[in-house]
Amino acid sequence: MSTAYEPKAIEKKWQDIWQEEKAFAATEDYTKPKYYALVEFPYPSGQGLHVGHPRPYTALDIVARKRRMQGYNVLYPMGWDAFGLPTENYAIKNHIHPRIVTHNNVARFKQQLMSLGYSFDWDREINTTDPNYYKWTQWIFLKLFKAGLAYKSEMPINWCTSCKVGLANEEVVNGVCERCGGEVVRRVRSQWMLKITAYADKLIDDLDGLDYIERVKVSQKNWIGRSYGAEVDFSIKDKEEKLRIYTTRPDTLFGVTYMVLSPEHPYIDKFRDEIENWDEIAAYREQAARKSDFERSELAKEKTGVPIKGLVAVNPVNGKEIPIWISDYVLMSYGTGAIMAVPGHDERDWEFAKKFGLPIIEVVAGGNVEEAAFTDVATGTLVNSGFLTGMEVADAKKAITDWLVENKVGTPKKNFKLRDWVFSRQRYWGEPIPIVKCEKCGYVPLPESELPLKLPDVESYMPTDTGESPLAAMTDWVNTTCPCCGGPAKRETDTMPQWAGSSWYFLRYTDPHNDEALASPEALKYWMPVDWYNGGMEHTTLHLLYSRFWHKFLYDEGVVPCPEPYQKRTSHGMILGENGEKMSKSRGNVVNPDDIVNEFGADTLRTYEMFIGAFDLSASWSQEGVKGCRRFLDRVWKLQDLTVDGDAYSSDLETKMHQTIKKVDSDYESLKFNTAIAAMMGLVNQFYKKGSITRGELRTFLILLNPVAPHITEQMWQDMGYEGRLYQASWPVYDEAKTVENTVEVAVQMNGKMRGTVTIAVDASKEDALAAAKEALGTRLKGEIVKEIYVPGRIINIVVKG
RNA sequence: GCCGGUGUGUCGGAAUGGCAGACGAGGCAGACUCAAAAUCUGUUGUGGGCAACCACGUGCGGGUUCAAGUCCCGCCACCGGCACCA
C-alpha cells in the first residue's frame, strides 16, 4: 500500500528541485526549435493573488510543459507591471514609499505564484519599475519623439475638485469622482501625445495574417473604426470660405436639407459679425461646453440645436441654398466638425429634422422617409438625384465621388475613430519622461547616455493643488541644463501611463539582462514573435493595441525583426464567486488561492481551475467542485496500488489508451482543458473498474496529466522508479489506427427516432448493418420501407411509410 | 441604439448534422463502521407502464433534413463592451 496523498509533503519539495535543476530555463541554444508562450504579467496589487490569476497562467503552463516534452526550447516568463495609481494611493495613505510597497507586493505575489508550481523561467523575471528596465521604456519614447510620433498638445482632463487630482476616465463614475464622490470638471492641460493614428491602417490590415480569436479582431477593428467616404466643400453664400464636411454617403448629396456645425467649430467665431442671432448661439455654445461627457451621453436621445441666422450654405451639386445649424450632436473631434444633414437617410439627422420641422427629401428608394430614415446601402436605387437617379447606391457613390473630384469640390477620404494616445500622467509612480524644456530650444530629448532618467527619491509624493505632478515640487530635480545649448532648462514633470511598461515587455524577456540594448538582435530574431499570448478581454483595445503600435514602430526603426508581436492571441473568461457575481470584498465572495493550496494542494487548484468550464467563458467558483478534483487526484495517487508488470498497454485498454492520448493532446492545443481532464477521469475510472493498470499504462497516464498536475505526477514517477525526471520525459504519441475499435455500437433509428443499438464490425457493409438493425427491431418494424440510411460507425435509420 | 457573448438535468458543464446530458458535484440506496467522516458499489431528465416498452425533453415561434442542442428565418431573456464617429 502506498502512503496517503499529502500535497504539503511533496509540492514544495518539487518546486525547490525544479528551481535547483533549472528545469524550465529557456536556453540560448538557438539551433533548437523555439516556442514562446506568454501570459499577461500581473499588476502586483496589495490584495495578493486572486483565483482569477491562475486560470490563464495554468492554461499556458500546460502548453509550455507540453511543448518542452515535445522537444522545444520554451520561453515561458513572468514579471511585474508595477507602476500605477493604486500603489501610489496606498503609499500616500500609509506613508510608505511606493518603491517599498511595490517591493513587498511583488514578494508576496512571487511567493504565491511559486506555490502553484508554474514552469516560469524565473531567471528572466522583469519589473517595469526597475531603472534597468525603464531605461529602455524611456529609450523607446525618445525614438518616438525623434520620429515625430510624440508631441505636446492641449487636452482636457478630468479633474476632481475635492481630491485635487487628475483622474483617468475609468475613475469617473456617473460624473463624480469614484473615490470621494466629489465633482469632476474638465481642465485643459498640455499633454504628451503619441501618434498611434499614424499606424491605424496597419493595425487593421495586419490583423489578417494573425491567429487571434475572432472577437478580438472584431473589437480592434471597431475600436479603430475605419470608414471610407468623401470630404465635400459647400460654399457659403457671399463668402470666399468653403464649409468642408466629411460624409460616408456622398451618394445622398441631393438629399441635403441643412448643415450642422459643432459648437466648437472655428467658423462660429470667425463669422461672429455676420451672425444675426449671436447671443442665442453664444448661449448654446456655453451650455454645450459646460456639459460633461456623462451629461452629453445622458441627453443623447433628445437633440438640441439653434439655427445660425445670417449664414447660408450652397449645395455644390445643385446650387440649392440651405440653412446652417449648430448642435452638439456633431463632434469637433471627428471628421471636420461639420456635417451635411440628410434626414431621409441618417437616423440622427432624421430625428433632428423632425424635431425642428426641417424638410426631408427621399433620395434612395426603398423605405418611407416620413416614417423613418432609410439607411440600407445594400438595396435601394437613387431617386430625385439629378444625374445619379436610377443608380444603385454603390455605383452612385463612385459616380458622385468622380464628379466631386472633377469639379474640384471634394475628394475621397478615409477616417478613423481612433484618437491619439494621451501619454501624460500627473503622478509620481511612473516612468519619468526624458525630455527637458528649454526657453531657447523648446522640447529637447535627453541624450541616450543619460538614461535611465531615474525617479527622484522625493519626500512627499502627494498630489499638488495645481494639478501638476508631485515631481514639479522637486526643484533640484526639475531645474537642469539644456542638453542642446547648455542654458537653464526644466525637466518634464509628468510621468508615463501604466501602459508604457507593458507595451514592450515581451521583448525584454528574450534578453532581460542586456545593458547595451533592449534585447540583442540575435535573441529577438530567435524568440520573436510570441507564439501564443493569452490575456483578458479587457485588454483587447488598450494594451493589445498599444503594444502592437509600439512593436510596429520598432519594426520600422529596425529594432525588432517582425512586424507583429503576437502570432496567436486567446482570452480567458472571468472566475466569479459562488453566487455567480464578480468576486469583491464588499460582496464577501472572494476566494483566496492560498487557502485552496493549504487545504487541497496546488495540483488540486490547478486541476479545478482547468476543469471549471470552457476556458473562454466566465465560470462560477464551487467549493464542492474543488473537492471533486481533489478526489480525482486521490484516486490517481492510489493507482500505484493497482500497478502490475508490463511495459505495454493491456489488450483490453489499448484502444482506450490511444483514444485518450489523442483526445488530451488535441484538447490541450485548443484550450479545451475541461474535456481533457474529463477524458483522463474516464480513463482512471476504467483502471479502477478493471482493478489493475500496467506500468506502461501508468507511465503514459502520468505524462498526460503532468502539465495539469505537475507535483503529484512527478512524485509518482519517482516512486514508480521510471527513468529520470518526469519533466524530461517525451510526450506520448498515439497510433491513429489503434484509436478505433474493431466492433462498434451503432444506433438504430426508425423514422429518425431511437429504437435501440446493435454491435457490428466497424467496417460492416450496408447489407450486414441493415440486417442486424432489422433483427434488433423485430416486430416493431412494419410498413413499407422507403429509405435506408447507414452511416458507418454512427447510425442506421430506416424510414417506413404507413 | 450598436457590437460581442451566453441560454441544455437539482448544480458546474459535455456533444465533427447521427444514441442529448460525457466528466464532476449534489441526491437516493447499499457495503465498511459501535457511530460519523472518509472510502467503495449501485442508482439518478420528466411523465406513463408490473414489464418489454411508449410519449415528451436543449430560452420561444417557424423552417430545411431520413435525422437539428448543432444549419436557416423571426423573436425573448441575461451578461460584457461602446455609446450621436456623419
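A note on names: the letters A, B, ... follow the listed sequences, proteins ahead of strands, and every chain is numbered from 1. Just so we're clear, the structure is a prediction, and the values are computed from it rather than from any experiment.
- A 3.5 Å limit on both hydrogen-bonding distances identifies B:rG48 as the Watson-Crick or G-U partner of B:rC53.
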* To do: Using a 4.0 Å heavy-atom cut-off, write out nucleotides 16-22 of chain B from 5' to 3' as B (base contacted by protein), S (sugar-phosphate only) or - (no contact).
  => B-BBS-B
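- Residues from residues 758-768 of chain A placing a heavy atom under 4.0 Å of any atom in RNA chain B do not occur.
- B:rG13 and B:rG1 have their P atoms separated by 28 Å, with the value rounded to a whole Å.
- For B:rG63 and B:rA68, the C1' atoms lie 11 Å apart once the distance is rounded to whole Å.
- Remark: A:Asp634 engages A:Arg630 in a salt bridge, criterion side-chain N to carboxylate O under 4.0 Å.
- Using N1 to N3 plus N6-O4 or O6-N4 for Watson-Crick, or N1-O2 and O6-N3 for G-U wobble, each under 3.5 Å, B:rA35 pairs with nothing.
- Ion pairing between A:Glu40 and A:Arg569 holds under the 4.0 Å rule for side-chain N and carboxylate O.
- Put simply, NZ on A:Lys627 is 16 Å from P on B:rG24, counting in whole angstrom units.
- A 3.5 Å limit on both hydrogen-bonding distances identifies B:rU41 as the Watson-Crick or G-U partner of B:rA29.
- At whole-Å resolution of the value, CG in A:Leu777 and C1' in B:rC53 are 13 Å apart.
- Taking atom CD of A:Gln220 as the reference point, atom P of B:rC82 lies 15 Å away to the nearest angstrom.
- In this entry B:rU58 has no Watson-Crick or G-U wobble partner, no candidate having both defining distances under 3.5 Å.
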Detail all sub-3.5 Å separations between protein N/O atoms and N/O atoms belonging to nucleotides 3-10 of chain B.
{"unit_1": "B:rC3", "atom_1": "O2'", "unit_2": "A:Asn222", "atom_2": "ND2", "d": "3.1"}

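- Here B:rC82 presents its P atom at 15 Å from CZ of A:Arg419, a figure rounded to the nearest Å.
- Note on A:Lys627 versus A:Glu624: salt bridge recorded, some NZ/NE/NH1/NH2 to OD/OE distance being below 4.0 Å.
- Atom-to-atom, CD of A:Glu578 to P of B:rG12 comes out at 12 Å; the value is rounded to the nearest Å.
- Put simply, CZ on A:Arg635 is 12 Å from C1' on B:rC23, counting in whole angstrom units.
- On the P atoms, B:rA20 is 14 Å away from B:rA67, given to the nearest whole Å.
- Between A:Glu745 and A:Arg794 no salt bridge is recorded (no basic side-chain N to carboxylate O distance below 4.0 Å).
- Across all strands shown, B:rC71 forms a Watson-Crick or G-U wobble pair, both distances under 3.5 Å, with B:rG63.
- Summarising the base pairing, B:rA77 is matched to B:rU6 through a Watson-Crick or G-U wobble pair whose two defining distances lie under 3.5 Å.
- Considering only side-chain atoms of A:Glu624, the nucleotide from B:rC82, B:rA25, B:rU39 that sits closest is B:rA25.
- Searching all strands for a Watson-Crick or G-U wobble partner of B:rG1 with both distances below 3.5 Å returns B:rC82.
- Two residues, A:Gly628 and A:Ile339, neighbour RNA chain B, and the one matched to the more 5' nucleotide by heavy-atom proximity is A:Gly628.
- Between A:Arg244 and A:Asp233 there is a salt bridge, since a side-chain N of the basic residue sits under 4.0 Å from a carboxylate O of the acidic one.
- Between A:Lys662 and A:Glu736, at least one side-chain N (NZ, or NE/NH1/NH2) sits under 4.0 Å from a carboxylate O, which counts as a salt bridge.
- Comparing the P positions of B:rC60 and B:rC11 gives a spacing of 15 Å, expressed to the nearest Å.
- Looking at every heavy atom in both residues, A:Arg635 comes nearest to A:Tyr688 through O-OH, 2.7 Å.
- Between the CZ atom of A:Arg606 and the P atom of B:rG24 there is a distance of 21 Å, rounded to whole Å.
- Counting only N and O atoms by type, the side chains of A:Asp349 and A:Tyr329 include a donor and acceptor under 3.5 Å apart.
- Shown here, B:rC23 forms a base pair with B:rG12; the pair counts as Watson-Crick or G-U wobble because both key distances fall under 3.5 Å.
- Heavy-atom distances to RNA chain B give each of A:Arg249 and A:Thr541 a nearest nucleotide, and the one nearer the 5′ end belongs to A:Thr541.
- Rounded to whole Å, the distance from CG on A:Leu261 to C1' on B:rC84 is 16 Å.
- Side-chain contact of A:His572 with A:Asn534: a donor-acceptor pair under 3.5 Å is present, judged by distance alone.
- For the pair A:Arg226 and A:Asp201, the salt-bridge criterion is met [side-chain N within less than 4.0 Å of a carboxylate O].
- Note on A:Lys753: every side-chain N or O is 4.0 Å or more away from OP1 and OP2 of B:rG57.
- For the pair A:Arg755 and B:rA55, the criterion of a side-chain N or O lying under 4.0 Å from OP1 or OP2 is met.
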